[in-house]
Amino acid sequence: MKLTSLVLALISLSFFGYAIAAEKALVISHEDENLQWMPCPDFIPKGCEIAVLNGDPAENNLDIYFKVPGDFEIPRHFHTSQERMVLVSGTLDVTYDDQSKETIQVGQYAYGPAKLPHSAYCQKGDDCVLYIGFVAPLDAIPIENGEVK
């Protein structure tokens, strides 16, 4: 009985390991010509684009590139998900409610808690491209004059 359980456990582990190994690894540059850039939500001015890197925007665990041109304001909003971010290009100022403005440089990591309102500004010069990993499905809820829109 114990031998049978051990054999079944080893077979299960080998199938599980194979399933993980069968998934393809990804390497995607923000300059990749095959990226499919889509417009951002309507409350963000024209010029903002999003490209899905991995996952489904309606599901948990989504990776995207978020891109805006230099000298661009990103209006105050929040997400129901945490955001894990790394700036890929440009220089981005981010201001979270009740916190000082932070300036994010290329290669720096930033974390945004779920439901914490924030705004941002991409400084003049290069486009700002931000890698963002969302835990929960993608959303962006605008806030105007202190009210959720």
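Sequence positions, counted from 1, serve as the residue numbers for this chain. Source: prediction; values computed, not measured. Note: hydrogens, waters and symmetry copies are ignored here, and every other heavy atom, side chains too, is used.
Both Ile74 and Val94 belong to a common hydrophobic cluster when Ile, Leu, Val, Met, Phe, Trp and Tyr are linked at side-chain heavy-atom distances under 4.5 angstrom. Connection of Leu116 to Leu138 is established within a shared hydrophobic cluster, with ILVMFWY side chains joined at heavy-atom distances below 4.5 Å, either directly or through further cluster members.
Looking at residues two or more places apart in sequence or on another chain, you find a side chain to side chain contact (heavy atoms under 4.5 Å, CB included) between Asp93 and Lys101, Thr103, Tyr121, Gln123.
To the nearest 0.5 angstrom, Leu92 atom CG is 6.5 Å from Cys122 atom SG. Residue Arg76 holds its CZ atom at 13.0 Å from OH of Tyr96, rounded to the nearest 0.5 Å. Once rounded to the nearest 0.5 Å, the distance linking CD1 of Ile104 with OG1 of Thr91 reads 10.0 Å.
Within the 4.5 Å cutoff, side-chain heavy atoms of Ile64 are placed close to those of Leu62.
Around atom CD of Gln105, more than 12 heavy atoms belonging to other residues, nucleotides or ligands sit under 6.0 Å away.
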Can you give me every donor-acceptor pair (side chain of residues 78-89, partner residue at least two apart or in another chain, under 3.5 Å) with its distance?
| residue | atom | partner | partner atom | Å |
| --- | --- | --- | --- | --- |
| His79 | ND1 | Asp139 | O | 2.5 |
| His79 | NE2 | His77 | NE2 | 3.2 |
| His79 | NE2 | Glu83 | OE2 | 3.3 |
| Thr80 | OG1 | Asp139 | OD1 | 3.4 |
| Thr80 | OG1 | Asp139 | OD2 | 2.6 |
| Ser81 | OG | Val135 | N | 2.8 |
| Ser81 | OG | Ala136 | N | 2.9 |
| Glu83 | OE1 | His118 | NE2 | 3.4 |
| Ser89 | OG | Asp127 | O | 2.9 |
| Ser89 | OG | Val129 | N | 3.4 |

Let me have the donor-acceptor pairs involving side chains of residues 32-55, under 3.5 Å, with sequence neighbours excluded, atom names and distances please.
| residue | atom | partner | partner atom | Å |
| --- | --- | --- | --- | --- |
| Asp32 | OD1 | Asn34 | N | 2.6 |

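When every heavy atom of Gly90 is checked against every heavy atom of Val106, the shortest pair comes out as O-CG2, 3.4 Å.
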Worked verdict on Tyr131 versus Asp63 for side chain to side chain contact (heavy atoms under 4.5 Å, CB included): CA-CA 7 Å; Tyr131 159 79; Asp63 297 321; 2.6 Å; yes
